[in-house]
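This report refers to the structure that appears directly beneath it.
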Amino acid sequence: MFDLIVLGGGPAGYLAAERAGEAGLTTALIEKNKIGGVCLNEGCIPSKTLLNSAKIYEHAKHGQVYGVTAEQVTIDAAAVVKRKNKVVTKLVSGIRATLKARKVTIYSGHGTVVDRKDGVIRVSVNDEILEGRQLLIATGSEAIVPPIPGVREGLDAGRVLTNREILDLEAIPESLVIIGGGVIGLEMAAYYGTCGSQVTVVEMLDHIAGNADREISTVLQKAFEKQGIVFHLNSRVTRVDNESVHFENSEGSHTVKADKVLLSVGRKPVTQDIGLENINVHLERGHIVTDRQGLTNVPNVFAAGDVNGIWMLAHAAYREAEVAVNTMLGRKDIMRYQAMPSVIYTQPEMAFVGETEETCQEKGIHYKKVVLPMNFSGRYMAENEGGTGLIKLIVDQDKDCVIGCHLLGGYASEIILTAGVIIEAEMKISDVKELIFPHPTVSEIIREAIFHI
Ligand code: FAD
Ligand code: NAI
């Protein structure tokens, strides 16, 4: 009998197993595919490895403005993918080693919850039945495949791709149509656009980047357009065929050539075929409902990560896993979501945390905003010729606290945590003014913005 059975070996699952093992719980981890889940194998790390190569390529090609000239600069997609695979293999083997050190038993196979009787939860994997006192469901999410005519056939033929296949292309397609201008769509537009594909993004909403602040996402879109990426907003894809994508908008029907098509219209939690109905786990709109300790409606059954449909982000999964394990161990812990950072690793990077102007208006928050060009930072000026980066700080005027920070520009992904800490700690503006930022750094833009309130 295990103290804990973890179903799914992605960020939520492997971190929970590591923490549980460390605390002395006998733990089983069931993974049907690869340890590391989507994030390590076909998500966060592969995409960031590709984007880093694109950044280096871009710098080498356009170094003249910084006084550096390189000739015959090329990017070798096969070599980029090979390096990506090396990075992934190394990270995955590191996780395996940690799990082993924490005495976690790994089962390779598809796990299915069988039943729960007298406090014992049974899960089948391959031909075995495992018994556990507690269960963590961490089965993650998968790409949504919308019922657009031609998409299924395209997927079968390898012309329509999801995040899984697009990260393994060893040749840069001449033309790439991206259906969905959200996070995956934009990151892949950044990579393939830089590598020379003619990229077209077809998005059904009137803006890109989902819930990101509109003022900032509009600047990002302009930066993309300057790089030659074409956007069709308010547009609905009607059909995909062997060489094109067809779509409609208020101006009529259109066709755009597509050697490859990326499907990035969102992801859905994996809750089917895992036996949740055998123990009556409560679902809402396809995701598992939990409280803020990660507990489902069934005693001793927890869920964490993408499967709960709250934030489909690896860092959310990590923290939810920790909270769930701490709760199992009787340690007081709770999930707080108000300072959850989001990053889009495009060039320029976009990062944000907390409220947007749109959510402030919805919630009736009495807010004030400060918008400054990143050029107020000397480091940004030194490193970004012609950069159009921005910071937007949103302050709750009643509480006298920062409640939102939105950044566009190099290092945004690294700086956003500072804003997150300020928001999480609910620091008063006068206290934030007393923080000392290292000089010269782009993070000083937060200090500049604070003094402009
Ligand atoms: P997953 O990583 O989906 O892992 C779930 C695991 O469960 C999988 O390995 C699956 O095989 C396994 N599983 C499912 N069912 C069973 C079963 N019945 N039996 C056994 N095993 C099973 N997030 C970020 O924070 N930053 C990023 O930069 C970022 N980039 C991304 C880029 C892309 C292209 C994609 C697709 C996602 C990205 N994400 C990013 C999101 C991130 O990958 C997810 O939020 C994260 O992987 C969620 O972790 P998880 O453990 O909940 O689920
Ligand atoms: P997404 O939700 O970010 O974006 C999907 C986009 O597709 C939306 O803008 C939506 O309006 C649009 N759309 C939906 N149906 C459409 C249709 N039929 N035609 C045209 N457009 C359509 O989802 P995405 O990009 O698939 O990513 C999934 C999740 O993975 C993200 O929400 C995020 O949580 C995670 N992720 C995180 C990353 C990061 O942290 N840097 C990177 C990549 C993914």
Side-chain angles (χ1 to χ4, degrees), residues 4-23 25 27 29 31 35-41 43-45 47-48 91 94-95 98-99 102 104 134-141 183 210-211 267 269-271 287-296 300-345 351-355 359 402-405 412-427:
L4 171 63
I5 299 175
V6 179
L7 190 55
Y14 75 72
L15 195 86
E18 284 179 16
R19 295 283 189 268
E22 194 178 17
L25 300 185
T27 305
L29 176 64
E31 170 55 55
I35 293 286
V38 169
C39 183
L40 256 82
N41 296 291
C44 327
I45 300 299
S47 55
K48 269 80 257 180
L91 286 169
I95 291 167
T98 307
L99 289 167
R102 307 271 158 89
V104 174
Q134 305 184 92
L135 170 67
L136 177 77
I137 304 162
T139 45
S141 66
V183 198
N211 295 331
R267 297 179 62 81
V270 173
T271 53
H287 63 82
I288 297 180
V289 180
T290 66
D291 64 13
R292 286 170 64 200
Q293 264 95 21
L295 192 58
T296 68
N300 298 324
V301 176
F302 293 76
D306 283 11
V307 74
N308 68 20
I310 302 174
W311 282 89
M312 289 193 171
L313 293 172
H315 41 279
Y318 286 144
R319 181 71 191 122
E320 286 166 351
E322 274 170 2
V323 169
V325 171
N326 282 339
T327 305
M328 293 171 200
L329 292 166
R331 298 173 183 160
K332 205 163 171 255
D333 204 354
I334 193 160
M335 262 320 281
R336 295 181 304 276
Y337 289 100
Q338 77 267 27
M340 184 67 69
S342 295
V343 179
I344 308 183
Y345 295 82
F352 46 101
V353 59
E355 305 288 348
T359 59
V402 175
I403 52 169
C405 178
S413 55
E414 300 291 342
I415 298 167
I416 200 67
L417 177 66
T418 307
V421 171
I422 291 169
I423 293 173
E424 173 81 15
E426 299 185 358
M427 289 175 76

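The structure presented is a predicted model; accordingly, all values stated were derived computationally and were not measured. Below, each value reflects all heavy atoms present in this structure, side chains not excepted, and no hydrogens, waters or symmetry copies. Numbers here simply count residues along the sequence, with the first being 1.
- You'll find the side chain of Leu29 reaches within 4.5 Å of the side chain of Ile35, heavy atoms only.
- Nearest heavy atoms, Cys405 versus Ile423: N-CD1, 4.3 Å.
- Closest heavy-atom contact between His315 and Pro341: NE2-O, 2.7 Å.
- Between the side chain of Glu355 and the backbone N or O of Gly404 there is no donor-acceptor pair closer than 3.5 Å.
- Between atom CD of residue Glu320 and atom OH of residue Tyr337 there is a gap of 3.5 Å, rounded to the nearest 0.5 Å.
- No side-chain heavy atom of Met427 sits less than 4.5 Å from a side-chain heavy atom of Val402.
- Of the inter-residue distances, the one linking Trp311 atom CH2 with Met335 atom CE reads 10.0 Å to the nearest 0.5 angstrom.
- A pairwise comparison of heavy atoms in Gly36 and Asn41 identifies C-ND2, 3.6 Å as the closest pair.
- For residues 303-314, no residue pair satisfies the salt bridge (Lys or Arg N to Asp or Glu O under 4.0 Å) rule, not counting sequence neighbours.
- Side chain of Thr27 to backbone of Leu25: a donor-acceptor contact under 3.5 angstrom is found.
- For the pair Met312 and Pro269, the minimum side-chain heavy-atom distance is below 4.5 Å.
- With a 4.5 Å cut-off on side-chain heavy atoms, Thr271 and Val307 count as touching.
- Contacts of Arg102 classified as salt bridge (charged side-chain N to carboxylate O under 4.0 Å, His left out), with partners at least two apart in sequence or in another chain: Glu22.
- Across all their heavy atoms, Gly13 and Ala138 have their closest contact at N-CB, 3.7 Å.
- Atom CD1 of residue Ile5 and atom CG of residue Leu7 lie 9.0 Å apart, to the nearest 0.5 angstrom.
- Around CD of Glu414, the count of heavy atoms belonging to other residues, nucleotides or ligands within 6.0 Å does not exceed 12.
- Looking at residues two or more places apart in sequence or on another chain, you find no salt bridge (charged side-chain N to carboxylate O under 4.0 Å, His left out) involving Glu31.
- Take Glu18 and apply the salt bridge (charged side-chain N to carboxylate O under 4.0 Å, His left out) test, not counting sequence neighbours, and it matches no residue.
- Between atom CD1 of residue Ile334 and atom CZ of residue Arg292 there is a gap of 4.0 Å, rounded to the nearest 0.5 Å.
- Results of the side chain to side chain contact (heavy atoms under 4.5 Å, CB included) test with Thr296 over Asp291, Thr290, Leu136, Asn308 single out Thr290 as the only residue that passes.
- Expressed to the nearest 0.5 Å, how far CE of Met328 lies from CG of Leu295 amounts to 9.0 Å.
- Nearest approach of Val38 to Ser141, heavy atoms of both residues: CG2-O, 4.0 Å.
- Ser413 is linked by a side-chain hydrogen bond (donor to acceptor under 3.5 Å, both in side chains) to Glu349, counting only residues two or more places apart in sequence or in another chain.
- Take Glu424 and apply the salt bridge (charged side-chain N to carboxylate O under 4.0 Å, His left out) test, not counting sequence neighbours, and it matches Arg336.
- Scanning both residues, Pro11 and Ala317, for their nearest heavy atoms gives CB-CB, 4.2 Å.
- Side chain of Gln293 to main chain of Asp333: a donor-acceptor pair is present (N/O by atom type, distance under 3.5 Å, no hydrogens or angles).
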Subject >> Derivation and outcome, side-chain contact (heavy atoms from CB on, under 4.5 Å), residues Arg19 and Tyr318 >> reply: CA-CA 10 Å; Arg19 295 283 189 268; Tyr318 286 144; over 6 Å; no
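- Atom OG1 of Thr327 is separated from atom CG of Asn300 by 11.5 Å, given to the nearest 0.5 angstrom.
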